[in-house]
There are 2 protein chains.
Amino acid sequence: MASPEPSTGELGETPLSATQDRILSAALELFGEHGVNGTSYQMVADTLGVTKAAIYHQFKTKDDIVIAVTERELSKLGDALAAAEAEKSHTKARELLLNAVVDHAVEHRRAASTLQFDPVIVRLLAAHKPFQLFVERLYRALIGDDTGPEARLDVAILSSTIGGTVVHPLAADIDEETLRARLLHTARRILGLSG
Amino acid sequence: MASPEPSTGELGETPLSATQDRILSAALELFGEHGVNGTSYQMVADTLGVTKAAIYHQFKTKDDIVIAVTERELSKLGDALAAAEAEKSHTKARELLLNAVVDHAVEHRRAASTLQFDPVIVRLLAAHKPFQLFVERLYRALIGDDTGPEARLDVAILSSTIGGTVVHPLAADIDEETLRARLLHTARRILGLSG
DNA sequence: GTCTATAGAATGATAGAC
DNA sequence: GTCTATCATTCTATAGAC
């Protein structure tokens with residue numbers, strides 16, 4: 001079980017100690033390499049050169065780690081999302097958010113992909129309300145108030161394309177600039193923002 | 001370790017008994033739900049209503065199961081791939097193969113996605129030579145002999161889009177016809193086959 | 001914050017009977 | 001092809017000392 005959420009429902013409100021942050025970074029990298037189910041307390045402890053008990057002292061269950069690491073990553077898009085929601089022009093808002101999403105995905109390839117495709121995390125995203133709300137805000141900012149099936153399919157295609165491409169073996173040797181440019185172009189076409 | 005491969009390097013040559021087939025189907029479904037690392041012999045056995053030992057009698061290691069299930073799925077594209085390679089027109093070949101790939105992905109959503117994104121399977125695909133060869137043939141048939149970075153990036157985007165979208169929560173309620181049509185359209189645009 | 005030590009369950013895998 | 005029984009290992013998790 002996770003710690004009780006603060007009242008605002010915002011992500012990343014619970015401040016993390018430096019120790020906790022190091023644990024989450026190690027865990028996230030291992031999650032990307034072996035999947036959540038393939039990552040144990042022992043592996044995280046070995047990576048940091050400490051014992052399992054030291055990790056348990058910070059995170060009582062594995063779910064706690066997964067929630068914290070997901071929260072930390074999602075919250076990195078928080079500022080961009082808030083800025084997009086504050087924008088009066090829908091076009092500008094989308095462009096702004098799209099850039100932030102692609103930037104994050106390209107800079108943290110493994111992390112971005114793990115968050116989207118690991119079955120354990122997918123299940124958590126669907127079950128944990130703060131995550132649901134955040135992801136829904138993200139979607140709405142990208143497609144506007146059109147919540148019809150076609151618009152939702154656009155977002156599904158968009159997020160699959162971005163999240164999948166950044167870790168695809170055939171894209172492994174593509175530099176960040178090229179990848180970012182290509183993904184932005186593809187994303188705009190998917191959303192119908194340009195030809 | 002897997003059984004020694006036959007000389008031709010073709011996929012799916014080893015005929016499967018009905019029992020083995022039932023095991024692989026159960027395993028594949030569990031892989032899709034919990035990931036390979038989150039699926040145990042016990043879970044497969046429970047699904048089929050037998051004991052672990054019965055499963056071990058057919059597949060001596062977990063890797064054997066993963067290889068067999070991957071082989072069985074990939075081989076479903078074997079005929080379409082061979083047909084595409086036999087086509088003289090590159091355009092027709094690509095169109096043919098693209099249809100087969102999208103069809104398979106839409107009809108076996110979970111399976112298609114698991115094969116592409118599960119870390120255990122990804123590692124196996126990269127290490128097992130018959131898989132490497134088959135996947136390379138697939139890529140080559142889709143983009144022709146242009147093996148430059150841009151063409152490979154096209155395939156990365158293409159396969160991520162297809163493999164990711166079919167299991168995306170936002171696409172869960174989209175019917176097969178709509179999904180197939182939309183993916184085909186998107187795929188053609190990615191490969192530059194139409195506007 | 002980190003350690004040793006441990007409990008209890010589950011895991012991958014094997015041997016041998018039917 | 002399936003079963004019971006077993007083994008060594010690993011896993012999540014806890015207790016208590018430093």
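In this text, all values refer to a predicted model and were calculated from it rather than measured experimentally. Chain identifiers are assigned alphabetically (A, B, ...) following the order of the sequence lines, protein sequences preceding nucleic acid strands; residue numbering begins at 1 within each chain.
Distance from the side chain of B:A54 is smallest to D:dC3 among D:dC11, C:dC3, D:dC3. Minimum atom distance to the side chain of B:A53 is reached by D:dT4, of the listed D:dT4, D:dT2, C:dG12.
Contact annotation: the side chain of A:S25 approaches that of A:R72 to within less than 4.5 Å [non-hydrogen atoms, C-beta and beyond].
For A:L48 and C:dC3, the CG to C1' distance is 15 Å, given to the nearest whole Å. Rounded to whole angstrom, the span from the NZ atom of A:K62 across to the P atom of D:dT14 amounts to 15 Å. Atom NE2 of B:H57 is separated from atom C1' of C:dA15 by 13 Å (rounded to the nearest Å). Atoms CD (B:Q42) and P (C:dG12) sit 9 Å apart, rounded to a whole Å. One can place CG of A:D64 at 13 Å from P of D:dT12, the figure rounded to the nearest angstrom. B:I55 has its CD1 atom 8 Å from the P atom of D:dT2, to the nearest Å. Nucleotide C:dT11 holds its C1' atom 13 Å from the CG atom of A:N37, rounded to whole Å. With rounding to whole Å, B:Y56 atom OH is found 21 Å from C:dA17 atom P.
Residues A:V69 and A:L24 share a closest heavy-atom pair of CG2-O, 3.6 Å.
B:H168 and A:Q116 share no donor-acceptor pair across their side chains, judged by distance under 3.5 Å alone.
Along DNA chain D, the nucleotide closest to B:A18 and the one closest to B:K52 are compared, and the more 5′ of them pairs with B:A18.
The phosphate of D:dG1 (OP1 or OP2) has a side-chain N or O of B:Q58 nearer than 4.0 angstrom. Using a 4.0 Å cut-off, some side-chain N or O of B:S40 falls inside it from OP1 or OP2 of C:dT11.
Here the rule is side chain to side chain contact (heavy atoms under 4.5 Å, CB included) with B:V102, and of B:L183, B:T186, B:L179, B:L97 only B:L183 fits it.
At a threshold of 4.0 angstrom between heavy atoms, the contacts of B:T51 include nucleobase atoms, whether or not backbone atoms are also involved.
Classification of A:E29 and A:R110 as a salt-bridged pair fails, no side-chain N sitting under 4.0 Å from a carboxylate O.
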